[in-house]
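Structure, as structure tokens:
Along the sequence shown, the residues carry numbers beginning at 1. These numbers come from the heavy atoms of this one structure, side chains and all, not from hydrogens, waters or symmetry mates.
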Amino acid sequence: MNTGMAMVAGILILAAGQSRRMGSDKRLLAWHDSSILEHAIKLCISSGLDYRVALSYREDDDSIAKTCGPNCIRVEESDLGLGHTLAHAIGTLPRSWGGVIVHLADMPLVKASTFQKIAHELQHHSIVIPSYQQQWGNPRGFSHSLWPELALLKGDQGAKDLIKKHSDLCRVLDLNDAGILVDIDTQEDYQTWQR
């Protein structure tokens with residue numbers, strides 16, 4: 001058996017939010033030949049990495065959960081925020097993953113190759129942050145050693161403080177991928193990028 005494979009990271013798609021600023025469920029908005037969330041899943045599949053999708057227990061997530069099948073994680077009280085959702089989901093990820101790449105479902109312009117590059121860097125660094133023209137973006141990678149700390153996140157606070165605390169462990173990865181800076185939060189964003 002190739003033990004090196006055990007170090008491969010997986011992708012956690014955070015998709016439990018309520019799209020308040022969009023005014024409608026942005027996960028279901030059309031994106032090319034699918035929806036924004038389906039597109040996120042396709043990106044993961046094309047990167048060749050294993051993935052999980054974090055969804056809420058709201059009724060409107062039941063049908064989405066069916067399409068995600070066994071790769072779905074349902075999060076209690078996901079309306080408490082992103083940090084809460086991430087903390088809850090971390091505990092359910094496969095132990096075989098050497099790290100997790102936290103991907104926001106509303107960032108459809110990220111390239112599949114970005115996931116692969118972050119996964120590769122996670123074999124040597126505890127935190128990997130993609131950068132485009134000196135601007136930090138998402139998704140961000142965290143090695144398995146930091147999962148206990150990610151599991152302590154609360155509310156809507158993401159991993160910013162954790163990254164600050166472990167700045168010496170961070171690898172900032174310069175990429176030619178402007179998509180790491182673009183999230184679809186409003187109708188205006190959607191109109192701008194959906195073409």
Side-chain angles (χ1 to χ4, degrees), residues 7-17 19 21-22 26-27 29-54 81-83 85-86 89-90 97-143 146 149-150 153 156-195:
M7 279 305 293
V8 172
I11 303 167
L12 173 63
I13 303 175
L14 294 182
S19 322
R21 279 187 284 173
M22 181 63 75
K26 62 183 167 188
R27 299 168 303 179
L29 289 173
W31 193 265
H32 302 304
D33 56 350
S34 57
S35 68
I36 283 187
L37 179 56
E38 282 165 356
H39 179 76
I41 292 170
K42 283 180 184 171
L43 271 180
C44 294
I45 293 168
S46 63
S47 76
L49 298 170
D50 193 9
Y51 71 92
R52 296 291 182 273
V53 183
L82 182 102
T85 298
L86 178 53
I90 281 288
W97 289 11
V100 63
I101 298 168
V102 179
H103 178 53
L104 309 174
D106 63 359
M107 297 192 70
L109 297 169
V110 171
K111 297 174 183 173
S113 59
T114 290
F115 293 125
Q116 295 163 335
K117 288 170 184 163
I118 293 173
H120 177 75
E121 290 295 320
L122 271 177
Q123 297 182 31
H124 313 285
H125 303 277
S126 298
I127 300 173
V128 182
I129 299 170
S131 170
Y132 177 75
Q133 295 182 349
Q134 271 83 56
Q135 287 186 76
W136 288 14
N138 287 291
R140 296 181 175 183
F142 301 91
S143 75
L146 289 174
E149 291 186 61
L150 288 174
L153 294 177
D156 209 23
Q157 185 60 40
K160 275 198 192 83
D161 291 344
L162 179 71
I163 289 168
K164 227 180 257 160
K165 177 181 164 189
H166 296 296
S167 57
D168 55 322
L169 302 177
C170 286
R171 162 89 166 96
V172 177
L173 188 60
D174 289 317
L175 296 173
N176 185 22
D177 182 359
I180 64 167
L181 303 178
V182 178
D183 60 351
I184 308 293
D185 270 337
T186 62
Q187 281 291 341
E188 197 180 8
D189 297 336
Y190 180 60
Q191 301 305 335
T192 303
W193 296 105
Q194 208 279 350
R195 49 175 183 261

R27 and D106 ion-paired at < 4.0 Å: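 Salt bridge absent between R27 and D106.
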Nearest 0.5 Å, what's the [atom1]-[atom2] distance between [X] and [Y]?
{"X": "W97", "Y": "L12", "atom1": "CH2", "atom2": "CG", "result": "6.5 Å"}
{"X": "R171", "Y": "S143", "atom1": "CZ", "atom2": "OG", "result": "14.5 Å"}
{"X": "K111", "Y": "I180", "atom1": "NZ", "atom2": "CD1", "result": "10.0 Å"}
{"X": "K26", "Y": "D185", "atom1": "NZ", "atom2": "CG", "result": "4.0 Å"}
{"X": "Y51", "Y": "I41", "atom1": "OH", "atom2": "CD1", "result": "5.0 Å"}
{"X": "I11", "Y": "L49", "atom1": "CD1", "atom2": "CG", "result": "4.5 Å"}

CD/Q187: more than 12 non-hydrogen atoms of other groups inside 6.0 Å: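 Counting neighbours around CD of Q187, more than 12 heavy atoms of other residues, nucleotides or ligands fall under 6.0 Å, so yes.
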Using a 4.5 Å cut-off on heavy atoms from C-beta on, say whether the side chain of [Y] contacts that of [X].
{"X": "I184", "Y": "P108", "result": "yes"}
{"X": "L153", "Y": "I90", "result": "no"}
{"X": "L109", "Y": "W31", "result": "yes"}
{"X": "Y132", "Y": "T114", "result": "no"}
{"X": "V110", "Y": "P139", "result": "yes"}

[X] side chain vs [Y] backbone, donor-acceptor pair below 3.5 Å:
{"X": "T192", "Y": "E188", "result": "yes"}
{"X": "Q116", "Y": "S47", "result": "yes"}
{"X": "R140", "Y": "V102", "result": "no"}

Nearest heavy-atom neighbours spanning [X] and [Y]:
{"X": "L146", "Y": "S126", "answer": "CD1-O, 3.7 Å"}
{"X": "A119", "Y": "I101", "answer": "N-CD1, 3.8 Å"}
{"X": "A15", "Y": "V53", "answer": "CB-CG1, 4.1 Å"}
{"X": "I13", "Y": "C44", "answer": "CD1-SG, 3.6 Å"}
{"X": "A16", "Y": "T85", "answer": "CB-CG2, 4.0 Å"}
{"X": "N138", "Y": "L104", "answer": "ND2-CD1, 4.1 Å"}

Aromatic ring pairing H103/F115, orientation class (parallel under 30°, perpendicular over 60°, tilted between):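 H103 and F115: perpendicular rings.
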Criterion side chain to side chain contact (heavy atoms under 4.5 Å, CB included) on F142 and I163, from CA distance to verdict: CA-CA 10 Å; F142 301 91; I163 289 168; 4.1 Å; yes
Steps toward side chain to side chain contact (heavy atoms under 4.5 Å, CB included) verdict (K164, S167): CA-CA 5 Å; K164 227 180 257 160; S167 57; 6.0 Å; no
D189 and T186 side chains, donor-acceptor separation under 3.5 Å: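 The answer is yes; a qualifying pair exists.
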Pairing residues for H120 by the ring-ring contact (aromatic ring centres under 6.0 Å, His included) criterion, not counting sequence neighbours: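 Scan of H120 (ring-ring contact (aromatic ring centres under 6.0 Å, His included), adjacent residues dropped) gives H124.
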Candidate pair L173 and I129, rule side chain to side chain contact (heavy atoms under 4.5 Å, CB included), full reasoning: CA-CA 6 Å; L173 188 60; I129 299 170; over 6 Å; no
Residues that E149 engages under salt bridge (Lys or Arg N to Asp or Glu O under 4.0 Å), provided they are two or more places apart: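 For E149 the salt bridge (Lys or Arg N to Asp or Glu O under 4.0 Å) partners, ignoring immediate neighbours, are K165.
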Residues in side chain to side chain contact (heavy atoms under 4.5 Å, CB included) contact with K42, at least two apart in sequence or another chain: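 K42 satisfies side chain to side chain contact (heavy atoms under 4.5 Å, CB included) with D33, S34 only.
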